[in-house]
Protein chains: 2
Amino acid sequence: MTIADVARAAGVSKMTVSNVTSGRVGVRPETRARVLAAIEHSGYQVNPLARALAGGRSRLIGITVPSLSWPYVGEIVQGASQAAEAAGLDLAVFTWPSGQPLPDGLALLRHLTGGLLSILPPDLEDESIWPRSAPSPPQVSVGGPGRYQLLVDNYGGARQAAAYLADLGHTRIAHIVGATDTAPHDAAERLRGYRDELHSRGLALPDAYVSPGTYHERSGLDAAQALLRLPDPPTAIFAANDAMAVGAVHAAQDLGLRVPHDLSVVGFDDLPSARAVRPNLTTVRQPLRDLGRLGVLWLGALARGEQPSSPHILPTELVVRESSGPGPSRFKGVL
Amino acid sequence: MTIADVARAAGVSKMTVSNVTSGRVGVRPETRARVLAAIEHSGYQVNPLARALAGGRSRLIGITVPSLSWPYVGEIVQGASQAAEAAGLDLAVFTWPSGQPLPDGLALLRHLTGGLLSILPPDLEDESIWPRSAPSPPQVSVGGPGRYQLLVDNYGGARQAAAYLADLGHTRIAHIVGATDTAPHDAAERLRGYRDELHSRGLALPDAYVSPGTYHERSGLDAAQALLRLPDPPTAIFAANDAMAVGAVHAAQDLGLRVPHDLSVVGFDDLPSARAVRPNLTTVRQPLRDLGRLGVLWLGALARGEQPSSPHILPTELVVRESSGPGPSRFKGVL
DNA sequence: CTGTTAGCGCGTTCAG
DNA sequence: CTGAACGCGCTAACAG
């Protein structure tokens, strides 16, 4: 079943069939009906490969992600997926673990897709994935380097969290840092925001209050355990993501401390799990779905020849729930 | 940069370049070296589209998933992804929400991929996704209908869970059923396993002990709350997945009950989150990553002309953790 | 409005 | 071991 078969059956040329399947104008209604009937009758489907090879516009966009087992990534993809569906586009997801070489499958994307969205792309020397010489589809980068980048205000979000805890009366506020290999930039920015905010308030910040983590729940538990055993333990912990914040809550509970009464915990991300945990997590919300949605929108704009202003930095939002409360000074003063 | 350019630069024919890039034998080493040098120098990359269009074998496999925001699905994809990488294959993920029409992007898969793995595919009248007439790549189905299907022993797993609770001395064991729209077959099988096991032991099973859920944490919480407020509340709850089990734990805690002392809770799935929850969840482990891994292996076998014996049913495994304990009879007898 | 002529880039016959 | 010719299915130009 090729376009030629349909053309023969409808008594027209291949070109006319092509015009019909591509939804182009300028085909007489009765001719169109005849072609459509022939298509229906034969069960013909256009071959997207041949179409792409011949230079037709692609309605497929590609998205590369470091891993699909991180809920974080799933949220972004979900946002992109919805936006793509709304725009009548198809979305193909490729995993591209950071540090790994470029998967061969991506060569395909280059020829087949109308645009590429990369989540946390590895930091390539060259900004582009493809050899510069050849023409490539537009690409937008989420949280990584690139010509068109969509970012989240990690620095500002961290300052929000630190400011919130300080305003509650906490003076001993520790931070569990994110992994420095997975999303190094994000982790560094959150650390910087935390530091700057505390410094600006003249709060002491012992080295021991900055504890390394891996973004995994377990590392949050371990880090918090160590923090809480310090001679002068923190009364509040700001973790660089929700998973580690949950670990911190568990560490506190293991030591017989109550959250938020004895320890306040603030996370970062606001994944659905933040609401499924007891106590519900106070956290800095990242607009993850918006990230995916905007990425697809940008790709559409780029395809239309428009130039989004890059980089675009999305704001975060502090979501106060149950894992945070007043600092000890507020109580101690009264007692 | 086409194959012709490389051929010209290396002073050979296109055929020779093709032989080199396809790793075929019968090219003189020095010629091969010359070609490789020309490729390196020019930054040439084969166009997978043209290759596929010309009938070459594809190293790409496709996988369709209902959604990427369910951790359940992420695990399977992760397994498939690892197996694909090990086999030197590329994997493209497409979302295909159940109930939705076939995304156009899948037409592409048909022409481009060497095989298709479908997670929980919608129940099509016709077993195959494509029109039967045309040749299609092999497809294996995970948890859904199809010529080659990979399944999990949901029935057996549910019996394991019910038997375990009964062996602990529980006599009042309730079940929170999974969504009947999302993965109806799975939910029904788990319910059937639960029923059969309790019946075989002659345990009473009031209608009120079978409570509907949606697979979401919130529905587990609501269902458990209702169950625990029954005049004769259950002492154990078996939920059809981990998320609802977590909800049940929270419902119990909200009512001042201790888990597992006052209520035992068993889940289903054993997602990573089952270990990140307090108390750690006792649950029926599904080999999700194996599902993805096996799917890719089957696709490879099918490409080689072998016929896997279908359906293949993978066993589950009961993982005992902290959310389950002896039934009240054991204690009450002593007191 | 429709048909004709060229390719898109590569793999595959066949001869040499 | 290599080279020429042809075809995969479709679309972009240009005619008519």
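Here is the naming used below: chain letters follow the sequence lines, and residue numbers restart at 1 for every chain.
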Relative to the 5' end of DNA chain D, which residue comes earlier, B:Ala50 or B:Ser13, by the nucleotide with the nearest heavy atom?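 Residue closer to the 5' terminus by nearest nucleotide: B:Ser13.
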Taking atom [atom2] of [N] as reference, at what distance in whole Å does atom [atom1] of [X] sit?
X	N	atom1	atom2	value
A:Asp5	D:dG9	CG	C1'	10 Å
B:Met15	D:dC1	CE	C1'	11 Å
A:Leu53	D:dT11	CG	P	11 Å
B:Arg8	D:dG3	CZ	P	13 Å
A:Asn47	D:dT11	CG	C1'	13 Å

Count the heavy atoms belonging to other residues, nucleotides or ligands that lie under 6.0 Å from CD of A:Glu40, then report whether that count exceeds 12.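 At most 12 heavy atoms, drawn from other residues, nucleotides or ligands, come within 6.0 Å of this atom.
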Counting just side-chain N and O atoms, does [X] come under 4.0 Å of either OP1 or OP2 of [N]?
X	N	value
A:Ser22	D:dT11	yes
B:Ser18	C:dT12	no
A:Thr16	C:dT2	no
A:Arg51	D:dT11	yes

Across the strands shown, which category fits B:Arg32 at heavy-atom distances under 4.0 angstrom: base, sugar-phosphate, nothing?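 No contact.
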